[in-house]
Amino acid sequence: MLRRALDGGGVYLVLAGLLALVPLVNSDAYFVHILTLSLMHSALASSWNLICGYTGLFSFGHQAFFGLGAYVSSLMAMKAGLSPWLGLVVGGGVAAAAGFVIALPCLRLRAPPYIAIATLGFAEICRFTAMNLVGLTRGELGLWGIPEMTPVPVPGVGQVSFTGQRVPYFYLMLAIYVAMMALLYWLVRSPLGLALKSVRDSEDAAESLGVDIVRTKILIFVLSSFLAGVVGAFYAHYVLILTPSSVLSVGVMIEIVAMTLIGGLGTFLGPTVGAFGITLLLEYMRVLGDYRLLIYGALLIAIILFIPEGIAKRLLPRRVAL
Amino acid sequence: MSPGLVVEQIFNGLVSGAIYALMASGLSLIWGTLKMLNFAHGEFYMLGGFGVYFALLLGGLPPLVAVPVAMLGAAVVGMLLERLVIHPLLDKPGWDVSPIIATLGASILLQNLALHLWGERFKNIPYYIEGGVNLFGIRMAWQRVLIVAVTVVVIVVVVAALRRSRWGMALRATAQDRDAAVLAGIDVYAVYLWTLGLTAALAALAAAMLAPIYSINPWMGTALLLKAFIVCVLGGLGSLEGAILGGVLLGTTESLTVLLWSSEWKDVVAFVLLILVLWVRPAGLMGTREW
Amino acid sequence: MRLLLSRGELLGLIGPNGAGKTTLFNVIAGVYRPDEGNVVFQGRDITRLRPHARCRLGLARTFQLTKPFLGLGVLENVTLGAYYGAKGGRPGLGEARDRAEDVLRRVGLGGKRDHLASTLTVGERKRLELARAVATQPSVLLLDEVVAGLSSAEVGEMMEIIRSIWASGVTILMVEHVMRAVMGISQRIVVLHQGQVLAGGTPATVASNPDVVSAYLGSASALAAPTAGA
Amino acid sequence: MLDVRGLDVLYGDVQVVWDLSFTVDAGEIVTLLGANGAGKSTTLKTISGLLRPRRGHILFDGVSLETVPPDRIVGMGVLQVPEGRRLWPGMTVLENLRLGAYPKGARGEEGASLEAVFSLFPVLAERRGQLAGTLSGGEQQMLAIGRALMARPRLLMLDEPSLGLAPKVIERIFEVIQDVSRRGVTVLLVEQNAHLALSVANRAYILETGHLVRAGAGSELLADADVRRAYLGV
């Protein structure tokens, strides 16, 4: 009975339920903020894990889609008065369109280093564009005055306001995270999930068995970019200030890579484990905080040398980890 | 727009092109022999900058000594990187990706180590040669002339060494066919080690030459590394001639963009060029492994 | 060069190293485009079709160096073929899985269905490779050195499996180095030498053909003979 | 000189050599025969140290080679001319040859070795400035052999030297092999062309799918039914 529930994804629902209870126990604003950030990193890393861990495409420009989602949603809200709620979707949509564009040159590239350079180049184009369009984005001075999420009625609770509040944002992020993980859970178990992993393990064999690898790659670029864009839009309406270097720089990508790798590339919960681990570690050990980038560097080397498969596969039973 | 201005800009493009070529030829040598991207290459450049700063101002050495000292220091770091980080990953599954992540880690580590050790204040060093020359109304600072001259000489020397010396031939042989090199008695692991040392020294040289014009700081390598990647792809990864050609091409393209459009958008133009080349001709202009 | 494969045949393609077998195989499978000439499958020119489309038309293949999806289970490996590669329309996932299980039993891997492909032995990987291709329900099956690297006992088992697949109505073209295997099972043999068809016929006639013997063993006469190409 | 005992080798994860034992004595020409896929090339690669055996020993003059780095094996005088020549196509003929003298023991005699190779293959002297990739198949094979000779080998292992060559050229290559042998170099020859190989070899071993099936003197194997079976399966 229990086993069956675990297999059916019940374990994830239980985990999500436990997370949902946390702010009721400890509603300290800083603590809730850290949890929100952890969830956001989990979602972002999971969206990259879909393209790199499951499909084997070594994209190194995921920050572009995160940043695009953030800037598009903010600017639409500020200049066109678009509701931030719609912004989440529109931000994701624009990121998805960008994912489609960058997928095209990547289709011809089979060597991971080439794909890494192409996607990184695209992300740099986005960063410089955001820096240069000063009239629109204020460049490195930062885009501020981004509207918060508008109040929303929740059954049983009444009208929920986001202004100056941490807890509602936490629940919103949790909802995004759960929805996204549900989608991924279904996806990696669907035939499409099989196709993704077959492209990762051997493109030649996948193609010979009827998988249209061109379509599959484009689809996964688009989907993964969409998810990153949604997370980016959330980030914008949460921290309320954006600079090109905070959302579009290689540093964002490095965090994603470090978190995913330490958790376990290509495992379902790996990015979440890594994101929570690193976020909590760096926020709560202030001493370490000063050295956070130093630690990222050392971590990347240590992981690749000593535990290339990540810790999720070691700590969790195979069924959960995969 | 006066013709003098155009020529001056093209000359400036050659200066940055020379630096790009030094950096990119290192990346290309590593790609040729080891088939990996070195994301820590920008940090060799950064270490070269600090190396020359300390040798010059604290050690009181003349430039002619300080620059080789900085190159040597970077070479040692490069060889340590090969032995400690890259060597353990060789011949293991995941070689497509593992060195990218490992050298990226090393890059962040070195960058932040430099930040903690030497602080974030930008450091400057004086021109090696003051003044300039006025040729038909075109001003050229001696320092810039020196950059182009030194780069040309060094690249000629490196190419000659690769062509003629036993060591250089062993390196080319390893790049062209590793198994054949092994069967000829070449210790390819030693070749890898020396390749990292050489390329680190070339990057340090680039920094030492450019340091009097730009300032020295822990992040100085990052932007240049990305440019060097563009140059490599333009020229064809693994091709030394391609790296040189690509460097000059990118340098002048950027200068002309500045002249005709704006300096802010030159980087965007460069990266758009990268993606177009990858799309249309992934092998680059000289996408062979013959060098 | 012209090679005709008739419905229901089991054709063995042999030849010394460098004879062009692999190139020909890859052209048929869609990995290479030929410089000239066409590949016609059931009356349809498929020269420009990508491999996945050929598979869906009923032309399946195996790889000489097996390419299992190492991160997937054995059953998942085969289900992928049954689902995406199916000739005609795409089946439901359940149906694909049933078909995969059936094929796994036929190649003797039924007991391994839940194992990760990376845990299989070489012989098992070869059979997995075969099972994946068969699960796409091909009308023509291309086998690339399917017994290379197997022990003698495993070669025998594999030959039985191939014979039973053929008996179920699948046309088979096999490129093979292991003579004992290919001579023992093929209906017809085509010998390639230096990119051309040197001989064709039943295994017995081919083996006693003096041209074939000299192509394989070399001989004093072969030294003097004005063979094409150098 | 060379003593191989109970060798098991896996290529990737395919076992291609099973419990193989054979010897080569100083001054001999020994040939390994078998259809392609029989494990001959793999055996040579294992002796050279490119592959490591799962089990078994390789003794060269009594020294165990299984853990010696491949460049040191070459330094000991064990040279392989690999299948498909494996030249450095972007380097000139002269550069290919000069690099052949890379092992420390051979560097000092580079000039003399070069003269010897040029006298053996005059065509290489004519084409010394040409890129190796632009040579004809026969010239490439000569260059590959010449390159190995530059290292002053004691044991020369040739992998399919006749592959893809015209009969006239093959004849020339085999004359050279005998010539090299007469100069005191021990030869281990892997060939598909059994008639040719057996005509120059003192002894031969026949492999079938990685197993040793027959051993004997060259001439007597020529007429043997087992040889035909190993190649043609009948």
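Labels below follow one simple rule: chain letters A, B, ... track the order of the sequence lines, proteins then strands, and each chain is numbered from 1.
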Pair B:H41, B:T199: side-chain N/O donor-acceptor within cut-off below 3.5 Å: no

Is the shortest side-chain heavy-atom distance between A:T260 and A:C52 below 4.5 Å? no

With no hydrogens and no angle check, is any side-chain donor or acceptor of A:N49 less than 3.5 Å from a backbone partner on A:G266? yes

By residue number, those in residues 215-230 of chain B with heavy atoms under 4.5 Å from heavy atoms of chain A are B:L226, B:F229

With chain B, which of A:N132, A:I304, A:L300 has the greatest number of heavy-atom pairs at distances under 4.5 Å? A:N132

When B:V233, B:T103, B:L37 are compared by non-hydrogen pairs under 4.5 Å with chain A, the top option: B:L37

Of all heavy-atom pairs linking A:L68 and A:A98, the shortest is CD1-CB, 3.5 Å

Given side chains that start at C-beta, do those of A:E140 and A:P244 come closer than 4.5 Å, heavy atoms only? yes

Leading residue by heavy atom contact count with chain A [cutoff under 4.5 Å; candidates B:V85, B:L84, B:V97]: B:V97

Can you say whether the rings of B:F50 and B:Y53 are parallel (under 30°), tilted (30 to 60°) or perpendicular (over 60°)? perpendicular

Heavy-atom side-chain proximity of B:L34 to B:L196 below 4.5 angstrom: yes

Which portion of B:I101 sits near chain A, non-hydrogen atoms under 4.5 angstrom: both

Per-residue contact mode, A:L109 against chain B (heavy atom under 4.5 angstrom): side chain

Using heavy-atom distances under 4.5 Å, tell me whether A:I102 contacts chain B through its side chain, its backbone, both, or neither. side chain

Let me know if A:L261 has heavy atoms under 4.5 Å from chain B in its side chain, its backbone, both or neither. side chain

Please classify the contact of B:V280 with chain A as side chain, backbone, both or neither, using a heavy-atom distance under 4.5 Å. backbone

Do A:Y71 and A:V94 come within less than 4.5 Å of each other through their side chains, counting heavy atoms only? no

Looking at B:Y189 and B:R178, what are the two nearest heavy atoms and their distance? OH-NH2, 3.5 Å

Given that the side chain runs from C-beta out, which part of A:A111 has a heavy atom under 4.5 Å from chain B: side chain, backbone, both or neither? neither

Under 4.5 Å between any side-chain heavy atoms of B:L89 and B:K92, yes or no? no

Output field: ring centroids B:H116/A:Y291 closer than 6.0 Å: yes

Please flag which part of A:F58 lies under 4.5 Å from any non-hydrogen atom of chain B: side chain, backbone, both or neither. side chain

Mind checking whether B:W118 and B:F54 have ring centres under 6.0 Å apart? yes

Counting heavy-atom pairs under 4.5 Å with chain A, which one of B:S262, B:S98, B:P88 comes out on top? B:S98

Turns out that what part of A:I303 lies under 4.5 Å from chain B's heavy atoms comes down to neither

